[in-house]
Participant: 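My questions all concern the structure below.
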Amino acid sequence: EYTQEMADAMVRLAVEGGCTYFDTAQAYNDGRSEVQLGAALRALPAELRARAVVGTKVPPDDCDPEQLRRALDASLGRLGLDSVDLYMVHWPLAPERVGAT
């Protein structure tokens with residue numbers, strides 16, 4: 001298991017080396033990936049944090065408007081962020097789900 005110290009060091013080295021996109025999802029390690037990434041980003045100096053782009057994902061079953069907002073708010077809470085740069089559906093939607101309300 002990765003420690004927070006390891007996550008902090010990896011994120012810092014990544015940003016310093018030019019890797020600026022960080023991808024996570026609520027499904028990764030039951031949300032702990034978002035928690036660790038958020039903490040690692042907050043540990044960065046402001047000039048490095050400004051370079052980081054964060055994307056996270058929602059499961060297709062949480063894509064109706066009410067569930068989507070709850071899922072996003074939960075991810076933002078785990079990340080400790082006010083917003084993310086990219087929010088994606090984690091798996092392709094089944095054709096019968098497209099347009100369902």
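All values reported here derive from a predicted model rather than from experimental measurement.
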Participant: Counting N and O atoms only, with roles assigned by atom type, does the side chain of D64 sit under 3.5 Å from a partner on the main chain of E66, one being a donor and the other an acceptor?
Facilitator: yes
Participant: Heavy atoms only: give me the nearest Y21-V54 pair and the separation to one decimal.
Facilitator: CE1-C, 4.3 Å
Participant: Side chains of T56 and Q26: any donor to acceptor distance under 3.5 Å?
Facilitator: no
Participant: Answer yes or no: is there a side-chain heavy-atom contact under 4.5 Å between Q36 and Y28?
Facilitator: no
Participant: Would you mind reporting whether D85 and F22 have side-chain heavy atoms less than 4.5 Å apart?
Facilitator: no
Participant: Could you give the distance from OG (S83) to CG (L81), rounded to the nearest 0.5 Å?
Facilitator: 7.0 Å
Participant: Which atom pair, heavy atoms only, marks the closest approach of V58 to A71?
Facilitator: CG2-CB, 3.7 Å
Participant: Taking only residues two or more places apart in sequence or in another chain, which ones pass side-chain hydrogen bond (donor to acceptor under 3.5 Å, both in side chains) with S33?
Facilitator: T24
Participant: Give the C-alpha distance, both sets of side-chain angles, the deciding distance and a yes or no for side chain to side chain contact (heavy atoms under 4.5 Å, CB included) between L86 and V53.
Facilitator: CA-CA 8 Å; L86 181 63; V53 176; 5.9 Å; no
Participant: Of all heavy-atom pairs between V89 and C63, which one has the smallest distance, and what is that distance?
Facilitator: CG2-SG, 3.7 Å
Participant: Just distance, no hydrogens or angles: give the donor-acceptor pairs under 3.5 Å from side chains in residues 38-52, sequence neighbours left out.
Facilitator:
from	atom 1	to	atom 2	distance (Å)
R42	NH1	G38	O	3.1
R42	NH1	L79	O	2.7
R49	NH1	A52	O	3.3

Participant: May I ask you to decide whether R12 forms a salt bridge with D8, counting only side-chain N to carboxylate O separations under 4.0 Å?
Facilitator: no
Participant: First locate atom CG of D73, then atom CZ of R78, and finally report the distance between them rounded to the nearest 0.5 Å.
Facilitator: 10.5 Å
Participant: Could you report the tightest heavy-atom contact between K57 and Y87, atom names first, then the distance?
Facilitator: C-CE1, 4.1 Å
Participant: Determine whether V11 and L37 make a side-chain contact, defined as any pair of heavy atoms from C-beta on separated by less than 4.5 Å.
Facilitator: yes
